[in-house]
Structures are given as C-alpha cells and as structure tokens.
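Ligands are counted one by one from 1 in listed order, and the atoms in each one are counted from 1 as well.
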Amino acid sequence: MKQIPYAMQWIDGTDVKAVIGALRSDYLTQGSRIAEFEKKVAKYCGVKYAVAVSSGTAALHAACFAAGIKTGDEVITSPITFVASANCILYCGGRPVFADIQEDTINIDPKNIKKKITNKTKAIIPVHFAGQPCDLEEIKAIAEKNDLLIIEDASHALGAEYKGSKIGVCKYSDMTVLSFHAVKNITTGEGGMLLTNNEVYYEKLLMFRTHGITRDPKIMKNQNGGDWYYEMHELGLNYRMTDFQCALGMSQLKKLDKFVERRRKIAKKYTNAFKDSSEINIFEETQEVLSSYHLYVVSVENRRKVFDFMRSFGVLVNVHYLPVYLQPYYQSLGYERGLCPNAEKYYRKCLSIPMYPKMTDEQQDYVIAKLRDVCERIESGCEKCD
Ligand SMILES: *Cc1c(COP(=O)(O)O)cnc(C)c1O
C-alpha cells in the first residue's frame with residue numbers, strides 16, 4: 001500500500017524547467033535571480049523589502065541580529081513551534097521566554113505575553129501556528145506599550161491573511177520570517193526569507209547574510225579603497241540562497257494561491273467530516289483570519305494508540321510540537337515542566353493528519369475513514385483494529 005505522508009511538496013514540469021534554466025546560466029549563486037525572487041515575494045505580500053536566505057532558521061537568526069538581541073535580553077515566543085523559533089534567541093545570547101497558547105487557536109496568548117514582560121524584554125516572536133495568523137493587532141498594542149519589537153515567524157503562513165491583508169505585509173510587525181523547506185507552503189528545497197518595511201533592518205539583514213560585508217562606498221570607513229575593496233562591519237555568516245533555488249521559488253510562487261486554495265478545500269472537508277465526532281476534536285478558524293493550512297491538527301484521546309494505528313495503515317500522521325522548553329536541551333537550561341499548562345495539555349492529544357495540495361480526494365477519504373474507524377474502536381475498547 002502506498003503511504004500517505006502528513007505533508008509533501010508539489011513539484012511539476014515547469015519547476016524542473018525553471019531550475020534547469022538556472023543551472024545552465026552563468027550564475028549558480030549571487031546572480032540576478034535572487035533579487036527577482038525577493039521582489040516577487042515582496043510584491044505578493046505587499047511589503048517593501050525582502051531578503052532571501054538559506055533557510056527559515058537563518059532568517060530567524062538574521063532577524064534577531066537585526067533586532068539587536070544580545071546577551072541578557074529576553075524575547076517572548078510560543079512553546080508550540082519548531083525549535084528554531086526559540087533557538088534564534090539563544091544564538092544571539094538572549095533568553096527565550098515562553099508565553100502560553102490560547103486553547104482554541106493554539107497560537108500565543110496575548111494575555112500571557114503581558115504577564116511575561118520584564119524590563120529585560122526586547123522582542124516578541126509570534127508564530128502563526130499551522131498557518132492560522134496570531135492576534136497581531138493585540139500583540140502590536142502590547143509591543144507598542146512596552147517598546148518591544150515584533151518578529152513574525154510565518155514559516156507556516158505564506159498565503160494566509162489577517163484582517164484583509166496578506167501575512168508578510170509587516171503592518172503589525174518589524175520583520176516577518178518565511179521558510180521554504182520542502183514541507184512548507186512553497187519550497188526551494190531549503191530556503192527562507194525576511195520581509196520588512198524598515199530600511200535600517202533591510203541593510204543589516206543584507207550585510208548579515210554575507211559575512212557582515214559591505215561594498216557600499218557611502219558607509220565604508222576607508223574611502224580610498226579601489227574597486228576590489230570591501231569592508232566587514234559585522235560578524236555575519238554565509239546565509240545566501242542559490243540562484244537555482246530562487247528559480248524554483250519563483251516557479252513555486254506562481255502556484256501558491258492554487259496551493260492554498262486546495263489546502264483550504266481539504267481543511268473544509270476534514271472540518272465537516274469530524275464536526276460531529278465525539279472522539280475527534282477539531283480547531284476552527286476564527287472570523288478575521290484566513291489560514292494557509294500548513295498543517296491540519298486534530299485532538300484525540302489515546303493519541304499514542306491512534307498514532308500507531310494510523311501509521312500501521314500507511315497514514316503517516318505526525319505530532320506538532322512537543323513544547324520547546326520540554327526538549328532535553330531546554331530542560332538543561334533550567335526551564336521547568338508546567339511552565340505553559342495549555343501547551344502541555346494540547347501536546348498530549350494533538351495529531352497532524354495529512355495536509356498537502358497534492359493529496360487526492362480518494363486519499364483524503366481514506367484518511368477520514370481510517371481515523372474515524374480507529375478512534376471509534378479505541379473508544380469502544382477494541383485493541384485489535386485490523
Ligand atoms: C520550518 C520552520 C522553521 C525553520 O525553517 P527551516 O527553513 O527549516 O530552517 C522555523 N519555524 C517554524 C515554525 C517552522 O515550521
């Protein structure tokens with residue numbers, strides 16, 4: 001039996017052709033496709049500046065650098081996210097502070113953010129979990145009152161909308177981070193991007209992406225260098241994206257709206273299928289947002305059993321996520337169990353079921369039927385569900 005993954009890319013002939021075109025051109029990296037891709041994503045999101053980087057993780061690191069996060073600073077983020085949303089704070093010497101989630105949206109709770117603010121807090125990294133936008137208006141109000149920066153982790157949320165504008169517009173934030181990893185809404189294999197309307201951040205991000213080096217005569221310390229001359233002003237990294245990845249990204253971007261539309265259709269079908277189920281609990285979208293449905297998460301009793309049975313039937317369900325502070329590394333830093341009760345409660349029952357545009361109706365019907373069957377049987381005490 002063919003397995004059904006929880007997520008999967010959609011690569012077609014036009015993508016392959018675009019990449020081959022780039023491979024046959026003069027530039028494999030640092031060519032013109034990078035700026036082209038950046039311009040297109042910026043236009044799609046309605047934001048001024050975009051900087052393509054080698055991964056979403058690199059983008060988060062660059063954002064924390066540009067935000068000036070340094071030793072002793074605290075940055076508030078969600079525990080229900082991929083570890084990278086918090087690791088970027090550690091890279092800069094800061095301390096991640098976890099604010100609990102809302103039970104209905106699984107997103108960071110603004111009320112809990114308020115409680116976690118101290119005089120060391122410098123920024124907030126809200127994560128649009130599963131593609132459903134956070135309460136950005138509320139988070140922005142808190143940030144303004146306390147003089148904090150906002151970096152949106154929109155790794156799940158390219159194509160999502162909040163109060164009539166696209167996620168990435170940076171209307172409620174200083175910077176937004178995207179990921180183009182293979183499971184995300186569009187892919188460049190590995191890759192990421194930073195979006196901002198702030199020119200100062202933009203310049204810092206560009207520099208950080210390439211070792212902290214500048215070739216801009218306007219800001220050089222030594223004005224007498226020759227044409228070969230460049231200066232390193234910051235300790236950056238090589239976080240560049242290649243031109244053939246940008247070619248793939250541009251080709252993928254053309255399909256993004258269709259991808260998201262298909263994801264929403266799949267979500268609607270799941271939501272209808274499980275609406276009246278007593279064993280399978282769903283999370284519904286709030287009124288003001290349009291999720292991009294990177295993931296579809298349900299809540300089930302006996303999650304471990306449901307997980308194992310579904311996998312044995314070839315449905316490769318997954319779990320997103322163990323609260324970050326429960327990771328052994330974070331435990332070793334002294335974070336304690338019980339820190340975010342809603343997050344821990346959510347984690348015990350959450351299950352990500354297959355969600356990707358390439359999934360067929362038949363595959364989805366199979367997932368729905370199996371999940372219903374498995375949950376009903378476990379509920380009625382049947383241990384052998386074959
Ligand atoms: C995927 C992901 C990242 C990291 O992106 P990479 O491109 O894999 O480095 C960061 N945050 C969240 C929420 C993610 O899902």
Side-chain angles (χ1 to χ4, degrees), residues 5-9 37 41 50-65 67 75-92 96 98-99 101 105-108 123-134 136 139 150-160 167-168 173 175-195 205 208-209 237-242 245-246 248-249 252-253 263 291-297 318-325 327 329-330 343 346-347 350 352 355-356:
Y6 86 91
M8 195 187 171
Q9 72 277 12
F37 182 37
V41 176
V51 179
V53 290
S54 52
S55 69
T57 304
L60 282 161
H61 185 190
C64 284
F65 169 82
V75 179
I76 299 172
T77 191
S78 172
I80 299 299
T81 184
F82 184 53
V83 291
S85 315
N87 290 350
C88 59
I89 304 160
L90 294 174
Y91 298 154
C92 296
F98 297 96
I101 57 163
T105 66
I106 326 169
N107 275 328
I108 195 165
I124 307 167
I125 305 181
V127 182
H128 305 303
F129 179 78
Q132 168 156 254
C134 294
L136 285 171
I139 294 170
I150 300 176
I151 300 163
E152 293 172 68
D153 183 344
S155 296
H156 297 182
L158 182 56
I167 285 297
S173 67
M175 285 171 266
T176 298
V177 164
L178 303 174
S179 165
F180 306 128
H181 178 268
V183 299
K184 304 294 160 74
N185 291 359
I186 64 168
T187 188
T188 59
E190 299 281 0
M193 199 172 277
L194 292 128
L195 307 171
L205 296 170
F208 192 68
R209 172 173 70 179
L237 287 114
N238 177 354
Y239 274 164
R240 294 186 300 262
M241 191 186 265
T242 64
Q245 287 175 300
C246 291
L248 178 55
Q252 287 267 299
L253 187 62
R263 284 176 181 276
S291 175
S292 59
Y293 287 104
H294 167 60
L295 300 171
Y296 194 94
V297 181
N318 216 325
V319 170
H320 300 92
Y321 298 92
L322 173 71
V324 173
Y325 63 82
Q327 291 288 352
Y329 183 80
Y330 280 85
Y346 158 82
Y347 170 69
C350 67
S352 301
M355 166 56 87
Y356 53 97

Considering only heavy atoms, does [X] approach ligand 1 within less than 4.0 Å through its side chain, its backbone, both, or neither?
X   : result
T81 : side chain
L60 : side chain
S85 : side chain

How close do [X] and [Y] get, heavy atom to heavy atom, and via which atoms?
X    : Y    : result
I106 : I101 : O-CG2, 3.5 Å
G191 : M241 : CA-CE, 3.6 Å
A50  : L195 : CB-CD2, 3.6 Å

For residues [X] and [Y], is any side-chain donor paired with an opposing acceptor at under 3.5 Å?
X    : Y    : answer
S291 : Q132 : no
H181 : E190 : no
T187 : Q9   : no
Y293 : H156 : no
N185 : Y356 : no

With a cut-off of 4.0 Å, which atoms of ligand 1 are near a heavy atom of [X]?
X    : result
S55  : 7 (O), 9 (O)
F82  : 2 (C), 3 (C), 4 (C), 12 (C), 14 (C)
S179 : 1 (C), 5 (O), 6 (P), 7 (O)
Y321 : 15 (O)
S155 : 2 (C), 3 (C), 10 (C), 11 (N), 12 (C), 13 (C), 14 (C), 15 (O)
G191 : 7 (O)
D153 : 10 (C), 11 (N), 12 (C), 13 (C)
G56  : 5 (O), 6 (P), 7 (O), 9 (O)

At what distance is the nearest protein heavy atom to atom 15 (O) of ligand 1, and which residue and atom is it?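 Nearest neighbour among protein heavy atoms for atom 15 (O) of ligand 1, to 0.1 Å: H156 NE2, 2.7 Å.
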For atom 9 (O) of ligand 1, the closest protein heavy atom turns out to be T57 OG1, 2.5 Å
Report yes or no: does a heavy atom of A59 sit under 4.0 Å from some atom of ligand 1?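 Heavy atoms of A59 never come under 4.0 Å of ligand 1.
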Is the ring pair H320/Y6 parallel, tilted or perpendicular, if the boundaries are 30 and 60 degrees? tilted
Please answer whether the main-chain N or O of V324 pairs with a side-chain N or O of Q327 as donor and acceptor at a distance below 3.5 Å.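 Checked: no pair found.
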Which is closest to atom 1 (C) of ligand 1 by heavy-atom distance: H181, K184, E190? K184
